[in-house]
Structures are given as structure tokens and as C-alpha cells.
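Below is one structure, written out as C-alpha cells; the observations come after it.
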Amino acid sequence: MTDMSYAPTRTQSPTTKLVLRFILYILLGVFALFYLMPLFVMITTSLKSLDEIRTGDLVSLPREVTFDAWRTAWSGACTGIQCEGMRPYFLNSLLIAIPAVLISTIIGALNGYVVAQWKFKGANIFFALLLFGCFIPFQVVLLPMAIVLGKLGISGTIPGLIFVHVIYGLGFTTLFFRNYYVSIPSELTKAAKVDGAGFFRIFWSIFLPLSLPIIVVSVIWQFTQIWNDFLFGVSFSQAGTQPVTVALNNIVNSTTGVKEYNVDMAAAIIAALPTLLVYVVAGKYFIRGLTAGSVKG
């Protein structure tokens, strides 16, 4: 027999661990500062007057804090020939995002429930087509979607934009709910059928109460995608129905008069606030929801 010797495992001393942890925190702090620097510049610039912006440093704190730029961005900035600020467009985005998120989440939950628990002929093909729809670029659907909206008579309207976002988001919401519902034992559905429960009764009493984590994922994903969308908003809207991203683009690219960088920064922060708040408040639930259905059994 051959003698086999094993080298003893080396353990790090407490001092070495402390030094490595300190270096790690320093690196993470540097990366965080580098990542947050643009946001810092945006906030400080929005709180400065134009004179201070011209004569001061880009990354310096404001010598005198003023919210005039925020008031102008909200209710007085020009987006073309109209100077109504971001307020009406912000409301348009709310009118678009909230119904689109709710409708796409509800339909996606039903689709995922059917594909995962109620097997039917062609279910896999149906799911594959929906999954394929997730990878179709926005630009590809612009022309066919414009034709459909025109035939339905909702082109250039808020209901038309809601319809566009619901259709484009269904592939993602169905994928989320299907992957989550696959992890739920099918014996629950079979037992409910034996007890006489029907399709909607099983969904409402069994699956929906278990769906909170994935509902959070779907809502955050859809709200972020819809709120930050620019291409659909600029392509399928008209004056009076444009979302906040289109208004921000018009404000920033306006070339009449003096370039008000503080107003531009304030408008950008206003446009980004809802999605920032969503991720700050519910970001950890988004990660938990994504991983909740990753392991079956």
C-alpha cells in the first residue's frame, strides 16, 4: 500500500482577515462613489443657480441652495412651444404605467398558471412563442404595432400606449409566473379538482395567495420598463399624451434661450424618482421573488 500524506489546511490569522476585509470595504466604497458620482452631480447642479454653475466647480456643493430649478422643471420648463414643465407628462406616465402593470401582471399570472398546472395540447409551443416574444427588439414591432393601433382607432392615445406595453410585457410576466408556479406541487391542483374546485377557484384560493413574491417581481419589472420607455412613447403618442421620458428629451434638447443645466438636471431627477423609489423600497423583494421559484421541491 502506498502512503499518502496530506498537507495541513492553512488558516488565516485574525489580523490577515481584518486587513483583507478592510481592503474589500475600501474597494467597495471606491466603486460606490464612482457609481454614485453622476447622481451627486445631478443633485448638486439642480440646487445651484445658473451663475454659480458657470463660475463654480462641477462637483462642488452649492454655495446657496435654491429650488427654483425644480419649480421650473415641474411646472414651467418648455418642451417645445408649450411651457408646462414635467407635471402633465408625469401624470401621463402614471396613467400609462399603472393600468399596464396591473393588466399585464394579471394576464401573465393566468398564463403562467395555465402553462404550469393545466397542461393542454400545444402548451409547450405556446410558452416557447411567448418566450420568443421576450427577445424581439422594440424596433422590429414599431411598424406592425402602428398598423394595429391605427386599425383599432387608438393610435396616439393613452389607451393605445397601455395596449402596447401590455402586449410587449406579457412574455416576461408569463415567464415569471410560469417558472414560479412550476415549483408548486401539482398534487395541490389535483386535490382541489377532486374536491370540486374549478379553474378560477383553484387559482384564486390556492395559487394567488402563494404568489406575492413573484407578483412583486412582475410589478417592479413592468413598472420600470414602462416608466423608462422612450421609443414606444415617442412613436405612438402625440401632443397631450406623451410620457415623461419624451418630455425630458424635449426639455434637454431645447435650443431656445439660455441653456439651463440646473433645470435639465432637476427634470432628469423628477423623471427618474419613481423607479428609484421602487428599487429602494422593494429592491430586496425583487431578488427574493426571482429566486423563490428557482428550486423545485
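As the structure is a computational prediction, the values presented were derived from the model and not from experiment. Excluded from the calculations below are hydrogen atoms, water molecules and symmetry mates; all remaining heavy atoms, backbone and side chain alike, are included.
The minimum heavy-atom distance between Val246 and Gly233, with the atom names listed, is CG2-C, 3.7 Å.
With rounding to the nearest 0.5 angstrom, the CG atom of Asn250 is 10.5 Å from the CD atom of Gln82. For the atom pair Leu188 CG and Gln117 CD, the distance stands at 8.0 Å (nearest 0.5 Å).
Within the 3.5 Å criterion, the main-chain N or O of Ser237 finds no donor-acceptor partner in the side chain of Thr241. With hydrogens and angles ignored, the 3.5 Å screen pairs no side-chain donor or acceptor of Tyr89 with any backbone N or O of Ala271. Of the possible polar contacts, none joining the Asp229 side chain to the Gln225 backbone as a donor-acceptor pair under 3.5 Å is found. Of the possible donor and acceptor atoms, none in the side chain of Ser155 sits under 3.5 Å from a partner among the backbone N and O of Leu149. Formation of a donor-acceptor pair under 3.5 Å by the Ser46 side chain with backbone atoms of Ile43 is found in this model. Counting only distance, with no hydrogens or angles, the side chain of Asn92 and the backbone of Pro243 share no donor-acceptor pair below 3.5 Å. Without hydrogens or angle criteria, Lys48 side chain to Ser60 main chain gives a donor-acceptor distance under 3.5 Å.
With sequence neighbours excluded, no residue forms a side chain to side chain donor-acceptor pair (under 3.5 Å) with Arg63. Cys134 meets the disulfide (SG to SG under 2.5 Å) test with no other residue; sequence neighbours excluded.
Linking Ile, Leu, Val, Met, Phe, Trp and Tyr whenever their side-chain heavy atoms come within less than 4.5 Å leaves Leu276 and Ile269 in two separate clusters. Using a 4.5 Å cut-off between side-chain heavy atoms of Ile, Leu, Val, Met, Phe, Trp and Tyr, with links allowed through other members, Leu130 and Phe132 fall into the same hydrophobic cluster. Criterion: ILVMFWY side-chain heavy atoms under 4.5 Å apart, direct or through other members. Under it, Phe135 and Val140 are part of a common hydrophobic cluster.
A side chain to side chain contact (heavy atoms under 4.5 Å, CB included) with Ile220 holds for exactly one of Val278, Ile215, Val281, Thr275; it is Val278. No option in Phe200, Phe199, Trp204 other than Phe199 meets the ring-ring contact (aromatic ring centres under 6.0 Å, His included) test with Tyr113.
Residue Glu64 places its CD atom among 12 or fewer non-hydrogen atoms of other residues, nucleotides or ligands, all under 6.0 Å distant. More than 12 heavy atoms of other shown residues, nucleotides or ligands fall within 6.0 angstrom of atom CZ in Phe230.
Cation-pi geometry between Lys190 and Trp118 is not satisfied (NZ or CZ under 6.0 Å from the ring centre, within 45° of the ring normal).
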